[in-house]
Every structure is written in C-alpha cells, then in structure tokens.
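Worksheet: one structure, shown below.
A, B, ... follow the sequence lines: proteins, then strands. Residue 1 opens every chain.
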Number of protein chains: 2
Amino acid sequence: MSASLIQHFRKLTTVNDSDVNAILSYFKSIQVRKKESLLENADVCRSNYFVVKGCLRMFFVNEKGVEQTTQFAIENWWLADYMSFQTQSSSEFCIQAVEKSDLMMIDFHDQERLMSEFPTMERYFRIISQKANAASQRRIKFMYDYSKEDQYRHFNNSFPEFTQRIPQYLLASYLNFTPEYLSEIRKKTFLKLV
Amino acid sequence: MSASLIQHFRKLTTVNDSDVNAILSYFKSIQVRKKESLLENADVCRSNYFVVKGCLRMFFVNEKGVEQTTQFAIENWWLADYMSFQTQSSSEFCIQAVEKSDLMMIDFHDQERLMSEFPTMERYFRIISQKANAASQRRIKFMYDYSKEDQYRHFNNSFPEFTQRIPQYLLASYLNFTPEYLSEIRKKTFLKLV
DNA sequence: CGGTCTCTTGACGGAGTTCAAAGCTAGTGG
DNA sequence: CCACTAGCTTTGAACTCCGTCAAGAGACCG
C-alpha cells in the first residue's frame with residue numbers, strides 16, 4: 001500500500017532508496033469502510049489523507065441540515081481541511097469514505113517534522129499544494145462560467161467513469177444543485193440521445 | 001519596496017541576513033498604472049506577482065464578452081494563473097492592476113532556481129501555497145453555502161475598507177452577479193438601516 | 001462643461017429550488 | 001439466496017431568486 005505513495009513521491013521529486021523507510025515511518029496505513037468518518041464536524045483535522053484506493057469526500061452541513069459535498073478525493077489525491085489542519089483549530093467540514101478505501105495518513109506534526117528532516121518532502125508537498133491551487137482556480141472559473149446544466153455536462157465528460165462510480169445525489173451535492181434538478185438534466189440528455 | 005517582501009518571508013520562514021541580497025536578486029520590482037495589464041488573454045503566465053502596494057485582479061472573458069473577475073490580490077498577496085504558470089502553457093485568464101500598484105515579480109524558471117538554491121524559499125512557497133489552498137476551500141464553501149445576497153453581506157462585513165476601495169461593478173463581477181442586482185441589494189440594505 | 005463610464009430603477013422571463021408523492025434498487029438479516 | 005426495508009431516483013406543479021434589457025441619473029476626467 002505504501003508502494004503507491006512512494007511512486008507518487010517519485011513522480012514529482014527524487015527520493016533516495018536509503019531514505020524510503022525513514023520517510024515511510026512517518027505515515028500510517030489504514031483501511032476504512034464505506035461511510036466511515038475520518039473527520040467529524042467541529043473536530044480538528046489532525047491528519048492529511050492520501051487515497052491509495054477508493055474515494056473520500058469532504059462536506060459540511062448547512063443550516064437546513066443538508067450535507068454539501070465540496071470535494072472528492074480518488075486514487076493518488078490528498079485530502080484534508082487545510083484551514084483546520086494548518087492551524088490545528090476546529091473544522092467546519094466532515095470527511096467520509098464514499099467507498100471502502102485504502103489510505104495513507106500523516107499527522108500535522110509528523111508532516112512538519114518530515115518536511116524539516118527531508119527537503120525533498122518539503123518540495124513534494126509544495127508541488128502538491130501548487131497543483132491543488134491550480135485546480136482550485138480552474139474549478140472556480142467553471143463555477144463562474146458555466147450554468148449548472150453545463151457544469152454537469154462538463155463534469156460528466158471529464159470524468160465519465162467517476163460519474164458511474166458514485167451515487168447521483170452526491171454528484172448533485174458536489175455540483176451544488178438538487179437531486180431533482182439532476183434528474184431533470186439526465187432526462188433531457190437521454191431524450192437527446194434517442 | 002523589497003523590504004515588504006523580505007518582511008513577508010520572515011513572517012513565515014527564516015532568512016539569513018547573508019542570503020537576503022542573493023535571494024532578492026531573483027526578483028524584479030515594478031510599478032504599474034491603473035488598468036495596466038500584466039497577463040493578456042492566451043499568453044503564458046510567465047511571472048508570479050507579489051503586491052507590495054495596490055491591488056491586482058485576475059479575470060477571464062466569457063462567451064458573451066463580459067469580464068468575470070475571479071480573484072483579487074492586495075498588499076502581501078501573491079497572484080498568478082497557477083495552471084499556466086506551472087506548465088508554462090497558455091492562460092485562459094488576464095491579470096490587470098485595479099489601482100496604481102507596486103509589485104515584486106519573479107519568473108517561473110527563476111522561482112524554480114531560487115527554490116533549489118535556498119531550501120527556505122522552497123519552504124516559503126510551500127506555506128504560501130497551503131494558505132492559498134485553505135483560502136480556496138473556504139471560499140468554495142461560501143459559494144455553496146450562501147445566497148448571492150449573503151455572499152455580498154459576508155464580503156462586505158469581512159472587508160469593509162476593500163468594498164469602498166474598488167468600483168462596485170468589479171465587486172459584482174467577483175461575487176458572480178450583475179451590477180443591477182448588487183444595486184438592488186444595496187438599496188435593500190440601506191432601507192433596513194433607516 | 002461635454003462625454004464617457006458607472007450606478008440605479010423597474011418590468012419581465014427563465015433557470016433552478018421546494019415540496020410532496022410515487023417508483024426503484026441495493027444492502028441486510030433471516 | 002430471497003424478501004423486506006431504507007435509502008435513492010424520478011415526476012410534476014408552484015414558486016423565487018436573479019439575469020436581461022432598456023433607459024435614466026450621477027460622477028469623474030480631460
């Protein structure tokens with residue numbers, strides 16, 4: 001399970017064979033079941049999670065009690081509430097497994113120590129972070145640019161296999177509209193195909 | 001002008017006095033006038049900009065020809081289209097000065113060299129990047145959670161002096177609604193106060 | 001002072017929500 | 001391995017937030 005993490009490090013930076021074990025000792029490998037929680041509302045986000053296999057989601061609960069999914073993480077993605085993680089203050093988000101998942105995790109303090117001890121890890125997390133930023137800028141652009149219907153179409157075209165993999169109501173929640181409206185769009189799309 | 005950049009480095013990491021000049025030599029200091037462009041549509045985003053004084057904005061032009069502002073940067077913030085910057089590929093955004101501004105800038109390749117030469121700069125940009133990520137996650141949450149009216153109220157309460165500083169139509173654009181609707185909200189807010 | 005941006009007003013329309021109810025599907029226990 | 005139930009998806013009608021369009025009132029700059 002750690003193999004896929006090391007592989008990811010090596011895609012973005014260089015890691016000496018002699019350092020691999022020392023680096024891996026900072027991480028813990030865990031398995032979670034479907035719907036298992038990794039971060040509950042108002043807790044501190046103590047760990048940063050790397051998805052080896054499976055899928056996580058981050059969400060918050062709005063004043064009406066509805067869960068709003070703001071982020072998914074699939075294979076080779078990191079996920080945490082970075083505001084809470086960095087300041088080790090209480091989070092407004094929850095993190096939950098969408099499917100049975102294999103994860104690698106690292107605590108905030110361990111990650112800090114890891115980065116001081118191994119400059120290449122500082123570099124790795126800098127690159128990860130910049131990539132995440134680029135993705136956020138792009139995502140925000142889509143939120144400005146596309147109607148909800150277009151956002152669905154775009155997402156569907158970009159990640160067709162992922163759309164199949166998760167329940168529709170989670171996708172609706174991620175795209176910030178109601179399951180009812182998603183249903184309407186799907187019907188429209190289907191009618192066009194016939 | 002470089003003083004404020006160094007000060008910012010030192011807020012987040014440690015910089016030896018003996019390294020200051022070598023580090024600063026990677027940066028260029030420039031002044032731009034109001035409405036001056038730093039990145040034009042379809043160009044590569046070659047530089048990362050640090051605002052010493054003034055205000056920048058990033059926007060794109062939608063298919064109707066309307067400018068959609070997705071980000072502002074004021075004193076002590078960095079701004080770039082990170083997708084374009086990192087891959088040195090053509091950008092979908094434009095960057096422009098909202099006010100006459102003093103900036104520090106660094107090219108992509110220089111930033112890469114700077115980070116290899118000075119691990120503390122690798123660390124600095126890692127921290128900057130993580131902070132930006134935290135801010136994006138929070139911003140995306142607000143976009144999900146609040147109605148447009150509430151987004152205006154929230155922004156207004158969070159940055160009252162900034163709301164005064166920029167034209168209303170730019171704020172409307174940033175909050176992703178029309179100047180007409182902003183006007184309506186302001187009227188409502190005003191009537192409540194009376 | 002004249003002209004070009006910027007902000008306001010109001011009428012109208014449409015994308016997307018809400019609510020309620022009925023059909024489906026998949027996971028669980030027997 | 002089947003049956004039952006809880007949770008997911010679909011439908012449709014009514015409603016609302018917010019965009020569009022058009023036109024007028026200010027405000028700022030040369």
Of the nucleotides [options], which one has an atom closest to the side chain of [X]?
X         : options                  : result
Lys35(A)  : dT17(C), dC7(C), dC8(D)  : dC8(D)
Thr178(B) : dG19(D), dT9(C), dT8(C)  : dG19(D)
Phe177(B) : dC8(D), dG10(C), dG19(D) : dG19(D)
Lys187(B) : dT9(C), dC7(C), dT10(D)  : dT9(C)

Nucleotide [N], atom [atom2] - distance to [atom1] of [X] in whole Å:
X         : N       : atom1 : atom2 : value
Leu170(B) : dT6(C)  : CG    : P     : 8 Å
Tyr181(B) : dA15(C) : OH    : P     : 18 Å
Glu63(B)  : dG19(D) : CD    : P     : 15 Å
Gln164(A) : dA26(C) : CD    : P     : 13 Å
Lys188(B) : dC18(D) : NZ    : C1'   : 10 Å
Lys148(B) : dG16(C) : NZ    : P     : 10 Å
Tyr146(B) : dC17(D) : OH    : C1'   : 19 Å
Tyr169(A) : dA26(C) : OH    : P     : 13 Å

TODO: Evaluate the salt bridge (charged side-chain N to carboxylate O under 4.0 Å, His left out) criterion for residues Glu99(B) and Arg33(B): first the C-alpha distance (whole Å), next the side-chain angles of each, then the deciding distance (0.1 Å), finally the verdict.
DONE: CA-CA 7 Å; Glu99(B) 316 166 340; Arg33(B) 276 164 308 161; over 6 Å; no

Task: Lys148(B) to Tyr181(B), cation-pi by 6.0 Å centre distance and 45° axis angle - done: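 No, Lys148(B) does not sit over the ring of Tyr181(B).
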
Open item on the list: I'd like to know whether Glu122(A) forms a salt bridge (charged side-chain N to carboxylate O under 4.0 Å, His left out) with Arg126(A), so could you lay out the CA-CA distance, the side-chain angles of the two residues, the decisive distance to 0.1 Å, and finally the verdict.
Closed with: CA-CA 6 Å; Glu122(A) 183 87 59; Arg126(A) 195 259 306 160; over 6 Å; no

- [ ] Remember a base hit wins even if backbone is also touched, and classify Asn176(B) as base, sugar-phosphate or nothing at under 4.0 Å, heavy atoms.
- [x]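 If one applies the 4.0 Å heavy-atom cut-off, Asn176(B) turns out to touch the sugar-phosphate alone, with no base involved.
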
Verify the contact: side-chain N or O of [X] to OP1 or OP2 of [N], cut-off strictly under 4.0 Å; return yes or no.
X         : N       : value
Ser183(B) : dC7(C)  : no
Arg186(B) : dT8(C)  : yes
Lys64(B)  : dG19(D) : no

TODO: Walk me through it: do Tyr174(A) and Gln68(A) pass the test side-chain hydrogen bond (donor to acceptor under 3.5 Å, both in side chains)?
DONE: CA-CA 7 Å; Tyr174(A) 175 75; Gln68(A) 297 274 6; over 6 Å; no

TODO: For Glu184(A) and for Glu184(B), find the nucleotide of DNA chain C with the closest heavy atom, then tell me which residue's nucleotide is more 5'.
DONE: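 The 5'-side residue here is Glu184(B).
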
Open item on the list: Judged by each residue's nearest nucleotide on DNA chain D, which is more toward the 5′ side, Lys34(B) or Leu182(A)?
Closed with: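 Per heavy-atom nearest nucleotide, the more 5' residue is Leu182(A).
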
Open item on the list: Does any part of the side chain of Asp81(B), heavy atoms only, come nearer than 4.5 Å to the side chain of Met58(B), both counted from C-beta?
Closed with: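 They are in side-chain contact.
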
Task: Distance-only donor-acceptor test, Glu180(A) side-chain atoms vs dC19(C) base atoms, 3.5 Å - done: yes

